[in-house]
Novice: 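Have a look at this one.
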Amino acid sequence: MEILIRNKVIQAIETLYGQGIDENQVQVQTTRKEFNGDKTVVVFPLLRISKKSAEQTAEELGNYLVETIEVIASYNIVKGFLNLVFHNRYWVNLLNKAISDPNYGFKPVTKDSEVVMIEYSSPNTNKPLHLGHIRNNLLGFSISEIMKANGNKVVKTNIVNDRGIHICKSMLAWKKLGNGETPQSSGKKGDHLVGEYYVKFDQLYKKEITALIATGLTEELAKEQAPIINEAREMLRLWEANDPATRELWSMMNTWVYAGFDETYKTLGVDFDKIYYESNTYTVGRDEVLRGVKEGIFEQMDDTSVWANLEGDGLDRKILLRSDGTSVYMTQDIGTAKIRYADFPIDHMIYVVGNEQNYHFQVLSLLLDKLGYKWGKDLYHFSYGMVELPQGRMKSREGTVVDADDLVVGMVEVARKVSEELGKLDNYSDQEKQHIYEMVALGALKYFILKVDPKKTMLFNPEESIDFNGNTGPFIQYTYARIQSVLRKAADAGITIPTEVPAVEISEKEASLIKALTEFPEAVQEAGEKHSPALVANYVYELVKEFNQFYHDVTIMNEPDEEVRKFRLLLAQTIGKTIKNGFSLLGINVPERM
RNA sequence: GGUCUGGUAGCUCAGCUGGAUAGAGCAACAGAUUUCUAAUCUGUAGGUCAUGGGUUCGAAUCCCAUCCGGAUCACCA
């Protein structure tokens, strides 16, 4: 529609003033709520051409547009703004489209759709998931749904960092202090158990460092020479050399961790189509790097370490293989990328990884490009901001980490309390109630995180952050539940809701609700283009706020006019559907009652 | 120090491809329920859009400088 208006304005300028203009000189925008109209043409930029006053130009333009565009009923002018008012039937047509399409706003995925692979989550197997991972998982899942809704084939993938010195630290501490403790014997969740030993390692390590410093060593040397860190390094060497005992311990502890992760993923409602493990990909990366050396892309030093020189690209030198021949993070990502492109016909690759890795992905992109992968330079790093606590960053060493599982449990508890106070679910079974508490708690958490622009650092205050009133997930879920309640009442009364808008007078409130509704497809598209679930969240919030006003001001079931009543039911039903679809893009479920 | 990134109400955030009087929620205060779920709705109050300059008919938005914060620049991942 905007395009049509823009083209007509260009035509009008030509006809009226005999001058051609560039299309980006014509500004068409949605009319602000406080003014009367649907679309607005900004006439200021055109004054130079018309050589007339703003009012006069707008008037001439307005007349032209009313005559040439059928759906425009009238216009009004405020200062230099030409507000165009559409016929109601324009909105009714759009609403009918929204009604008839169960996947309104979503583009279909066909066999010709592009394949988008999205990597997210990517945990280390030495400690449990925390709040930062939650943001990653929620963003990753949501952007996957959004890409799907924009007509892409999506492959969700997870690369598990299951090898490296950090894993050896947990293993070593467990070996020294564990006394054979297992998740079964202790009743602890596997990832938490392993995480505890990671912390224990760090405590031992610190003690040794302190002791060494007391003997006169510098801190740097002490860190280097502490016996326990050397033991861990030795363990890594044994691991890479396929030492059976080390491998067995490693795979046992990893199994514990995976069981724990799976539980957390299930709670969060995220999943993956394909999981990669770095223990399987890092050797491929090493081979690629060595190929690079052979082809003169990288340089090998006298101590056999391999480096990429990126000074020509404005970056630094980057190590790719250590002098002992082992891989670094970058090497692994090269290997993983190669395997993935062999496994899937990927058109676009999206990495959901925190913004602390911006440099890493800049380098990765360049390296892949240098190695001859044509997709290297257009990989997309979905870079999101950190989650901070009121005290600042989360630090596991200082115990300020917010554990993912604990957080969810706490929120379900709050949801239960709120719900019990309200007492609306009193005659439901415990199982049904629990189901709703979990839905609401997760709705609150997910919405809280996803409504913020992903690029921005966000603040999370465990005491105050998660609310159930106002601009929150539960607020939106509540509205959905309310709509369903009305629809149930209608069904009980034997009313059949029509499948097309009946011929009724549409009030202003209803019209603005319809307008809000019809912006959904645009919101979905923009969220895809800008990689931002926040745009969906904010859209749904606006829609719901609009509906709640309508709901408050206008009666649905008690409306005397049968056709109007049916129209409102139909409208409410369609809003409900859109809330549900919109929230599905955020991975948030909506309850039938709450 | 180099590079990247941010600074909008007491707090958490929208708005940023330049447009009309800078918006929400929370917190504060005042109201609304004989009527479809009050986890709702209405209102009051709260702003030097970090600061200074520039471009423009018009700047929170674009450009430059300064101040303040964060990330990153590892033979950690």
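Throughout, protein chains are lettered first and strands after them, A, B, ... in sequence-line order, and every chain is numbered starting at 1.
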Novice: Are A:Phe583 and A:Tyr480 near enough that their ring centres are under 6.0 Å apart?
Specialist: no
Novice: For atom C1', what is the distance between B:A59 and B:C68, given to the nearest Å?
Specialist: 23 Å
Novice: Does A:Ala481 offer a backbone N or O that forms a donor-acceptor pair with the side chain of A:Ser485 under 3.5 Å?
Specialist: no
Novice: Quick one: which of B:G19, B:C26, B:U42 gets closest to the side chain of A:Pro45?
Specialist: B:G19
Novice: Check the distance between B:C76's P and A:Tyr198's OH and give it to me in whole angstrom.
Specialist: 13 Å
Novice: Taking only Lys NZ, Arg NE, NH1 and NH2, and the carboxylate oxygens of Asp or Glu, determine whether A:Arg565 and A:Asp561 approach each other closer than 4.0 Å.
Specialist: no
Novice: Please confirm whether any donor atom in the side chain of A:Ser323 sits under 3.5 Å from an acceptor in the base of B:C75, or the reverse.
Specialist: yes
Novice: Flag the pair A:Phe361 / A:Tyr351 as yes when their ring centroid distance falls below 6.0 Å, and as no otherwise.
Specialist: yes
Novice: For the P atoms, the ones on B:C11 and on B:U44, what distance do you get once it is rounded to whole angstrom?
Specialist: 23 Å
Novice: How far does the P atom of B:C29 sit from the matching atom of B:C13, given to the nearest Å?
Specialist: 24 Å
Novice: Within the pair A:Arg482 and B:A38, is there a side-chain N or O less than 4.0 Å away from OP1 or OP2?
Specialist: yes
Novice: Between B:A77 atom P and A:Asn161 atom CG, what is the distance in whole Å?
Specialist: 10 Å
Novice: Mind checking the P distance from B:U55 to B:A45? Whole angstroms is fine.
Specialist: 37 Å
Novice: For A:Phe468, answer base if it contacts any base atom (sugar-phosphate contacts may also be present), sugar-phosphate if it contacts only those atoms, and nothing otherwise; contact means non-hydrogen atoms under 4.0 Å.
Specialist: base
Novice: Students often get this wrong, so: under 4.0 angstrom with heavy atoms, is A:Arg593 touching a base, only sugar-phosphate, or nothing?
Specialist: base
Novice: Ring centres under 6.0 Å, that's the criterion: do A:Phe468 and A:Tyr478 meet it?
Specialist: no
Novice: Could you state the atom-to-atom distance from CE of A:Met557 to C1' of B:U35 in whole Å?
Specialist: 12 Å
Novice: Taking for each residue the nucleotide of RNA chain B with the nearest heavy atom, is it A:Arg317 or A:Thr555 whose nucleotide lies nearer the 5' end?
Specialist: A:Thr555
Novice: Considering only atom P, compute the distance from B:U72 to B:U61 and round it to an integer number of Å.
Specialist: 29 Å
Novice: I'd like to know if A:Arg237 and A:Glu234 make a salt bridge, using a cut-off of under 4.0 Å between side-chain N and carboxylate O.
Specialist: yes
Novice: Determine the interatomic distance between C1' on B:U66 and the same-named atom on B:A74; round to the nearest Å.
Specialist: 33 Å
Novice: Select base, sugar-phosphate, or nothing to describe what A:Ser419 touches, counting heavy atoms under 4.0 Å on all strands.
Specialist: base
Novice: Between P on B:C76 and CG on A:Asp202, what's the gap in Å once rounded to a whole number?
Specialist: 16 Å
Novice: Please measure how far the C1' atom in B:G43 lies from the corresponding atom in B:C36, and state the result in whole Å.
Specialist: 25 Å
Novice: Side-chain N or O of A:Asn358 versus OP1/OP2 of B:A71: is the shortest distance under 4.0 Å?
Specialist: no
Novice: So A:Val414, base contact, sugar-phosphate only, or nothing? Heavy-atom distance under 4.0 Å.
Specialist: nothing
Novice: Which letters describe nucleotides 9-18 of chain B, given B = protein heavy atom under 4.0 Å from base, S = only from sugar-phosphate, - = neither?
Specialist: ---SSS-B--
Novice: Output yes when A:Lys417 and A:Glu421 qualify as a salt bridge under the 4.0 Å nitrogen-oxygen rule, no when they do not.
Specialist: no
Novice: A cation-pi test, strictly: NZ or CZ of A:Arg163 under 6.0 Å from the centre of the six-membered ring of A:Tyr282 and no more than 45 degrees from its axis. Yes or no?
Specialist: yes
Novice: Which of these nucleotides, B:U40, B:C73, B:G19, is closest to any side-chain atom of A:Val42?
Specialist: B:G19
Novice: Taking the six-membered ring where the residue is Trp, are the ring centres of A:Tyr541 and A:Phe475 under 6.0 Å apart?
Specialist: yes
Novice: Would you mind reading off the distance between A:Asp303 atom CG and B:C75 atom P, rounded to a whole angstrom?
Specialist: 11 Å
Novice: Quick one: which of B:U40, B:C75, B:A77 gets closest to the side chain of A:His166?
Specialist: B:A77
Novice: Identify whether any heavy atom of A:Tyr329 sits under 4.0 Å from a base atom; if not, whether one sits that close to sugar-phosphate; answer base, sugar-phosphate or nothing.
Specialist: base
Novice: Figure out the CG/P separation between A:Asn126 and B:C76, and round it to whole Å.
Specialist: 16 Å
Novice: I want to know whether A:Tyr539 and A:Phe520 have ring centres closer than 6.0 Å.
Specialist: yes
Novice: On RNA chain B, compare the nucleotides closest to A:Gln362 and A:Leu422; which residue's is nearer the 5' end?
Specialist: A:Gln362
Novice: Say you pick atom P in B:A24 and the same atom in B:C62; how far apart are they, in whole Å?
Specialist: 23 Å
Novice: Please determine if A:Glu510 and A:Arg568 form a salt bridge, counting it only when a charged side-chain N lies under 4.0 Å from a carboxylate O.
Specialist: yes
Novice: Determine the contact category for A:Ile165: base if any of its heavy atoms lies under 4.0 Å from a base atom, sugar-phosphate if only primed atoms, P, OP1 or OP2 are that close, otherwise nothing.
Specialist: sugar-phosphate
Novice: Could you provide the dot-bracket string of RNA chain B, using ( ) for intrastrand pairs, [ ] for crossing pairs and | for bases paired to another strand, with Watson-Crick or G-U pairs below 3.5 Å?
Specialist: (((((((..((((.....[...)))).(((((.......))))).....(((((..]....))))))))))))....
Novice: Return the value, rounded to whole Å, for the distance between atom CD1 of A:Ile497 and atom C1' of B:C36.
Specialist: 13 Å
Novice: Quick one: label A:Val440 by what it contacts on the DNA or RNA (base, sugar-phosphate, nothing), any heavy atom closer than 4.0 Å.
Specialist: base
Novice: Distances under 3.5 Å only, N/O to N/O: pair up the protein atoms with those of nucleotides 20-24 of chain B.
Specialist:
| unit_1 | atom_1 | unit_2 | atom_2 | d |
| --- | --- | --- | --- | --- |
| B:A20 | OP2 | A:Arg32 | NE | 3.3 |
| B:A20 | OP2 | A:Arg32 | NH2 | 2.5 |
| B:A20 | N6 | A:Thr40 | OG1 | 3.1 |
| B:A20 | N6 | A:Asn83 | OD1 | 3.4 |
| B:A20 | N1 | A:Asn83 | OD1 | 3.3 |
| B:U21 | OP1 | A:Lys79 | NZ | 3.0 |
| B:A24 | O2' | A:Tyr541 | OH | 2.7 |

Novice: Roughly how many Å is it from CD1 in A:Ile476 to P in B:U40, rounded to a whole number?
Specialist: 11 Å
Novice: When you get a sec, tell me which of B:G19, B:U40, B:C26 is the closest nucleotide to the side chain of A:Phe44?
Specialist: B:G19
Novice: Do the side chains of A:Glu311 and A:Arg317 get close enough for a salt bridge, i.e. N-O under 4.0 angstrom?
Specialist: no
Novice: Would you mind telling me which of B:A71, B:U40, B:C75 lies closest to the side-chain atoms of A:Ser305?
Specialist: B:C75
Novice: Taking the six-membered ring for Trp, is the centroid-to-centroid distance between A:Tyr380 and A:His531 below 6.0 Å?
Specialist: yes
Novice: Quick check: A:Phe547 with A:Phe550 (ring centres under 6.0 Å apart)?
Specialist: yes
Novice: Does any part of the side chain of A:Ile167, heavy atoms only, come nearer than 4.5 Å to the side chain of A:Met171, both counted from C-beta?
Specialist: yes
Novice: Is the phosphate of B:C76 approached by A:Arg322 (side-chain N or O, under 4.0 Å from OP1 or OP2)?
Specialist: yes
